[in-house]
Amino acid sequence: MNQDSVVYLNGAFQPLSEAKISVLDRGFIFGDGVYEFVPVYHRRPFRLAQHLKRLGNSLAAVGMVNPMSNAEWEKLFQEMIQRTPYEQQAIYLQVTRGVAPRDHPFPQGATPTVFMMANPLKLPTPEQVERGVACVSAEDFRWHRCDIKGISLMGNGLWRQVAVETGATETVLFRNDFLTEASSSNVFAVKNGTLLAPLRDNLILPGITYDAVLEFAPKIGMPVETRPVSRAEVFAADELWLTSSGKEVLAVTTLDNKSIGNGKPGPAFKKMWAHFQTQTAI
Ligand code: PDD
């Protein structure tokens with residue numbers, strides 16, 4: 001992406017260099033907005049209906065009216081994709097509560113700010129897929145509405161930075177000794193061939209990839225248990241996976257420098273990864 005890249009802001013496509021918002025935008029002042037990140041394969045958005053449903057849920061949860069119908073969102077996605085030169089894209093969209101004098105209560109009659117941009121989709125490298133990645137762990141100290149895809153990502157950024165500074169890919173989070181998710185991914189464990197998924201409750205983001213993996217598991221013959229997963233179970237797991245729109249499914253081979261399973265991506269991961277590829281191919 002460069003200054004000439006086309007972005008969408010409040011009804012108009014324009015070069016990035018010309019897209020401007022007010023400093024009083026509540027997204028800037030309060031982090032008061034929600035977002036989505038949609039992968040696009042071969043110029044087709046992956047699971048757009050599910051992303052739009054989650055967007056609607058996030059907006060409703062924070063008392064904001066959806067500024068567009070699903071049909072209008074779909075049209076906007078198509079136009080963004082057409083205007084962007086990449087076959088594989090990562091489309092980011094953000095809706096904030098709009099511009100208003102700084103005051104905590106919701107402003108009356110503010111128009112939501114709608115922003116969208118497309119970048120090349122950066123998937124894990126073949127080496128990361130082949131060898132797996134290292135992660136670190138930390139205590140999850142976020143609020144209790146992690147199911148809302150809000151733009152206030154202070155905690156997530158802090159943890160991601162911890163990972164980067166230790167040469168790790170992600171920071172896996174535990175709340176009171178139970179697995180929640182990672183700084184920008186969901187996390188699954190595998191034990192004796194069974195997929196262990198943390199509950200899809202208010203303490204994690206209901207990932208579109210998380211749902212896809214749960215849907216694919218029976219197709220590759222994997223039983224699933226959706227239940228609280230303890231820290232001890234994570235460290236004793238045969239396999240540990242990250243999932244997200246940018247990572248697809250990625251094997252974690254060490255956590256806090258301790259090997260997960262035999263320290264290599266496991267057979268269940270390989271099957272799930274291969275199945276995932278069939279879903280995103282032309
Ligand atoms: N992040 N959990 C958190 C905290 C996330 O930020 C994400 C995704 C996920 C996975 O959700 P999905 O499968 O729908 O991508 C889980 C995106 C990619 C981001 O913030 O850029």
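Just so you know, ligand 1 is whichever comes first in the structure, and atom 1 is the first atom listed for that ligand. We're numbering straight along the sequence, starting at 1.
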Report yes or no: is the cationic atom of R200 (NZ for Lys, CZ for Arg) under 6.0 Å from the centre of the six-membered ring of Y210, at an angle within 45° of the ring normal?
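No, R200 and Y210 do not form such a contact.
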Are R83 and F13 in a cation-pi contact, defined as NZ or CZ under 6.0 Å from the six-membered ring centre and within 45° of the axis?
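So R83 does make the cation-pi contact.
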Any donor-acceptor pair under 3.5 Å from R26 side chain to H104 backbone
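Between the backbone of H104 and the side chain of R26 there is a qualifying donor-acceptor contact (under 3.5 Å).
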Would the distance check show the side chain of D103 and the main-chain N or O of P105 forming a donor-acceptor pair, the cut-off being under 3.5 Å?
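No, because the side chain of D103 does not come within donor-acceptor range (under 3.5 Å) of the backbone of P105.
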For ligand 1, give me the residues whose heavy-atom distance to it is below 4.0 Å, by chain and number please.
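Y35, F37, R54, K149, N156, E181, A182, S183, S184, S185, N186, L205, G207, I208, T209, T243, S244, S245.
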Per the ring-ring contact (aromatic ring centres under 6.0 Å, His included) rule, what does the pair list look like for residues 114-148, sequence neighbours excluded?
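For residues 114-148, and leaving out neighbouring residues, the ring-ring contact (aromatic ring centres under 6.0 Å, His included) pairs sorted by first residue read F141-W159.
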Can you tell if the side chain of L55 reaches within under 4.5 Å of the side chain of K149, non-hydrogen atoms only?
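Not in contact.
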